[in-house]
Amino acid sequence: MSKEITSRSEDYSQWYNDIVRKANLADHSAVRGCMVIKPYGFGIWENIKSVLDGMFKETGHVNAYFPLFIPKSFLSKEAEHVEGFAKECAVVTHHRLMNDPNGGGVVVDPSARLEEELIVRPTSETIIWNTYRDWIKSYRDLPLLINQWANVVRWEMRTRLFLRTAEFLWQEGHTAHASSEEAIQETLTILDLYAKFAEEYMAMPVIKGVKSANERFAGAVDTYTIEALMQDSKALQAGTSHFLGQNFAKAFDVKFLNENQKQELVWATSWGVSTRLMGGLIMTHSDDQGLVIPPRLAPTQVVIIPIPKPGPEIDEAADKIMAELKAMGISVKYDTDKKKRPGFKFAEYEMHGIPVRIGIGKRDLEQGMVEIARRDTKEKTQQPLDSAAKYIQQLLEDIQQNLFERAKKFRDDRITKVDDFDQFKEVLNTKGGFISAHWDGTTETEVKIKELTKATIRCIPLDNELEDGKCILTGQPSKQRVLFAKAY
RNA sequence: CGGGGUGUAGCGCAGCCCGGUUAGCGCAUCUGCUUUGGGAGCAGAGGGUCGCAGGUUCGAAUCCUGCCACCCCGACCA
């Protein structure tokens with residue numbers, strides 16, 4: 001039991017907050033709902049960014065940057081889109097401050113009111129499609145495959161570090177295509193890319209699916225999602241990829257001349273993942289001792305601790321291992337701080353989720369051995385100094401794999417097939433997790449179920465088997481099961 | 001936006017009900033000595049506009065009024 005972290009069984013929300021703060025990931029800021037991402041937390045985010053950015057480039061995308069501010073009139077051009085975001089927009093109304101004539105510091109200068117108010121982007125479809133209109137004239141300009149890394153603001157009532165903050169960091173891809181098929185293909189390509197990233201790098205198993213009409217992105221024809229399951233058995237939407245049809249092309253009049261010299265509306269996609277992934281990462285793997293980071297995303301993968309403190313022989317052994325690990329591309333830190341004792345360091349690095357810890361002491365060295373501990377299972381072994389680096393190279397792979405397998409088993413154990421409403425409520429309130437059940441396909445039923453149970457349809461899995469059945473609420477015929485869950 | 005809670009040193013808290021020397025305690029920090037294989041011990045030191053603004057009073061962290069911020073639980077959402 002950790003001295004500083006509330007246990008998950010005691011208070012899951014508090015545990016989450018404790019991890020975020022004690023592992024130096026983020027702090028609350030002076031601004032309501034906004035967080036300060038601390039260097040260690042940002043290091044993990046930088047790794048996430050770097051891997052994803054590489055994957056986007058490999059699939060033909062390029063980065064660009066569009067403005068933070070969006071003219072108010074743009075937002076109202078696509079009816080459903082406005083509807084979806086209007087309630088949570090920050091609005092810039094003035095452009096100047098002045099000294100308070102009554103001596104109360106600075107005040108907004110009433111004479112500096114903007115003629116057209118600016119919206120701080122909650123997402124960039126509108127400003128981007130307004131720009132694309134000028135960029136796209138011919139089929140030769142397509143496809144246009146652009147991504148941007150940016151911050152966005154959604155004025156949330158209730159916020160939680162990483163999971164839902166008023167300002168967050170994300171990437172948003174916005175692509176334009178000559179045909180519907182090609183745009184749908186793009187949407188699915190990105191969904192696969194997100195799933196691959198989540199599973200292979202974050203070690204977070206996800207279910208790919210399509211959203212119900214009720215959960216769809218405002219302005220999309222179809223929203224695809226990757227859904228993960230957290231340790232408290234609540235679902236987390238970890239990434240979305242939208243097929244926008246011609247909705248934004250219509251709203252912003254983006255047309256191209258096709259090969260037959262006819263004007264056509266462009267087909268669009270947009271897709272994004274955000275700093276919310278950090279929340280998913282925490283709640284997938286971490287335990288009551290602190291953070292657990294999968295090796296592929298850990299800013300520092302290995303830490304070496306001299307026991308009890310640095311000295312010539314220990315330094316020499318540490319240098320040897322460090323050189324070997326660095327040559328393998330493994331990041332390693334040697335903690336030579338003499339003020340802190342080994343026991344303190346052990347606890348601290350466990351809190352920070354460093355995947356592998358090496359302890360080197362005189363007693364070990366006399367045998368030519370070092371102690372190697374893994375964060376995921378907390379197992380310790382003695383390994384020969386000479387082969388330690390090689391052992392660790394494999395161990396990091398094992399940890400990455402083990403974290404994924406462990407999370408996948410947890411998730412798979414919490415997908416429950418249910419065929420009537422009483423059972424649905426029973427499972428939801430005891431075991432939680434995903435519930436696979438028949439649904440009649442109407443928004444009305446979905447909303448009703450949400451009102452009654454707080455569970456929502458997370459997705460209709462893409463690899464779903466067709467199966468005749470009856471809706472758990474209405475008894476109407478249904479052709480497939482969908483996944484319900486309580487969600488973040 | 002509804003319900004609950006909190007604001008006192010970097011962090012965590014006590015003191016407030018019942019106003020009264022110089023506002024305490026633990027952790028952390030600094031100095032020294034002894035320690036060192038799972039969160040060291042002793043001795044000493046530094047660090048505070050008691051969330052903000054008014055008011056009551058001879059006197060306010062404490063009582064009154066207003067405001068602000070944050071956290072938790074709901075409704076809404078990535």
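Below, chains carry the letters A, B, ... as their sequence lines are ordered, and counting in each starts from 1. These numbers come from a predicted model, not from an experiment. When reading the values below, keep in mind they use all heavy atoms of this one structure, side chains included, and skip hydrogens, waters and symmetry mates.
- Nucleotides B:rC67 and B:rA60 are separated by 24 Å at their P atoms, to the nearest Å.
- Contact annotation for A:Glu451: no contact, since no heavy-atom pair falls under 4.0 Å across all strands.
- B:rG20: Watson-Crick or G-U partner is B:rC58, with both key distances under 3.5 Å.
- With sequence neighbours left out, the ring-ring contact (aromatic ring centres under 6.0 Å, His included) criterion links A:Phe162 to no other residue.
- Look at CE on A:Met369: it is 15 Å from C1' on B:rG37, rounded to the nearest Å.
- Under the Watson-Crick and G-U wobble criteria, each requiring two contacts below 3.5 Å, nucleotide B:rA75 is left unpaired.
- Between the base of B:rG39 and the side chain of A:Arg341 there is no donor-acceptor pair shorter than 3.5 Å.
- Nearest nucleotide to the side chain of A:Lys309, out of B:rU36, B:rC11, B:rA78: B:rU36.
- The partner of B:rG32 is B:rC42, by the rule that a Watson-Crick or G-U pair needs both atom distances under 3.5 Å.
- In this structure, the CD atom of A:Glu227 is 10 Å from the C1' atom of B:rA78, given to the nearest Å.
- The residue A:Asn17 sits close only to the backbone: its heavy atoms come under 4.0 Å of sugar-phosphate atoms, none of a base.
- For the P atom pair drawn from B:rG47 and B:rG37, the interatomic distance equals 34 Å after rounding to whole Å.
- Listed candidates were B:rC11, B:rG37, B:rA78. Nearest to the side chain of A:Arg154 is B:rA78.
- Here the two rings, on A:Tyr224 and A:His242, have centers that are 6.0 Å apart or farther.
- Nucleotides B:rU31 and B:rG20, compared at atom P, are 39 Å apart to the nearest Å.
- Remark: B:rC67 base-pairs with B:rG51. Criterion, Watson-Crick or G-U wobble with two distances under 3.5 Å.
- In the set B:rG37, B:rC72, B:rA78, the nucleotide with an atom closest to the side chain of A:Phe168 is B:rA78.
- With distances taken from any side-chain atom of A:Glu348 to the nucleotides B:rC72, B:rG39, B:rG38, the minimum falls on B:rG39.
- At whole-Å resolution of the value, NZ in A:Lys340 and P in B:rC27 are 17 Å apart.
- Across every strand in view, B:rG37 sits unpaired, with no contact that passes the Watson-Crick or G-U test at under 3.5 angstrom.
- Rounded to whole Å, the separation between the P atoms of B:rG74 and B:rC30 comes to 42 Å.
- Put simply, CD1 on A:Ile5 is 15 Å from P on B:rG12, counting in whole angstrom units.
- At the phosphate of B:rC77, OP1 or OP2 sits under 4.0 Å from a side-chain N or O atom of A:Lys450.
- Shown here, B:rA9 forms no base pair; nothing in the strands shown gives a Watson-Crick or G-U wobble contact with both key distances under 3.5 Å.
- For A:Leu169 and B:rA78, the CG to P distance is 18 Å, given to the nearest whole Å.
- Distance from the side chain of A:Ser13 is smallest to B:rC72 among B:rC76, B:rG12, B:rC72.
- Look at NZ on A:Lys486: it is 9 Å from P on B:rG74, rounded to the nearest Å.
- Comparing the C1' positions of B:rU29 and B:rA9 gives an interatomic distance of 11 Å, to the nearest angstrom.
- For A:Arg164, counting side-chain heavy atoms from C-beta on, the closest listed nucleotide (B:rA78, B:rC72, B:rU36) is B:rA78.
- Residue A:Leu163 contributes atom CG, which lies 15 Å from atom C1' of B:rC72 at whole-angstrom precision.
- Judged by a 6.0 Å distance limit and a 45° cone about the ring axis, A:Arg406 is not positioned over the six-membered ring of A:Phe410.
- Comparing the P positions of B:rC27 and B:rA43 gives an interatomic distance of 12 Å, to the nearest angstrom.
- Closest contact between the side chain of A:Phe344 and the listed nucleotides B:rC77, B:rG39, B:rC72 involves B:rG39.
- A:Phe85 has its CZ atom 13 Å from the C1' atom of B:rC76, to the nearest Å.
- In this structure, A:His61 has its ring center under 6.0 Å from that of A:Trp271.
- Separation of the A:Phe434 and A:Phe484 ring centroids does not fall under the 6.0 Å cut-off.
- When the P atom is used for both B:rA14 and B:rG5, the distance is 15 Å, rounded to whole Å.
- Between A:Lys454 and A:Lys338, the residue anchored closer to the 5' end of RNA chain B is A:Lys338, taking for each the nucleotide with the nearest heavy atom.
- Evaluation of atom-type donor-acceptor distances gives no pair under 3.5 Å for the side chain of A:Gln289 against the base of B:rG38.
- A side-chain donor from one of A:Ser124 and A:Gln148 sits under 3.5 Å from a side-chain acceptor of the other.
- Between A:Ser274 and A:Lys362, the residue anchored closer to the 5' end of RNA chain B is A:Lys362, taking for each the nucleotide with the nearest heavy atom.
- For the pair A:Asn429/A:Lys486, a side-chain contact is recorded, criterion being any heavy-atom separation below 4.5 Å from C-beta on.
- Straight-line distance between the P atoms of B:rG46 and B:rG24: roughly 13 Å, to the nearest whole Å.
- As judged by a 4.0 angstrom heavy-atom cut-off over every strand, A:Thr275 is placed among residues making no nucleic acid contact.
- Remark: the A:Glu350 side chain and the A:Gln289 side chain contain no N/O donor-acceptor pair separated by less than 3.5 Å.
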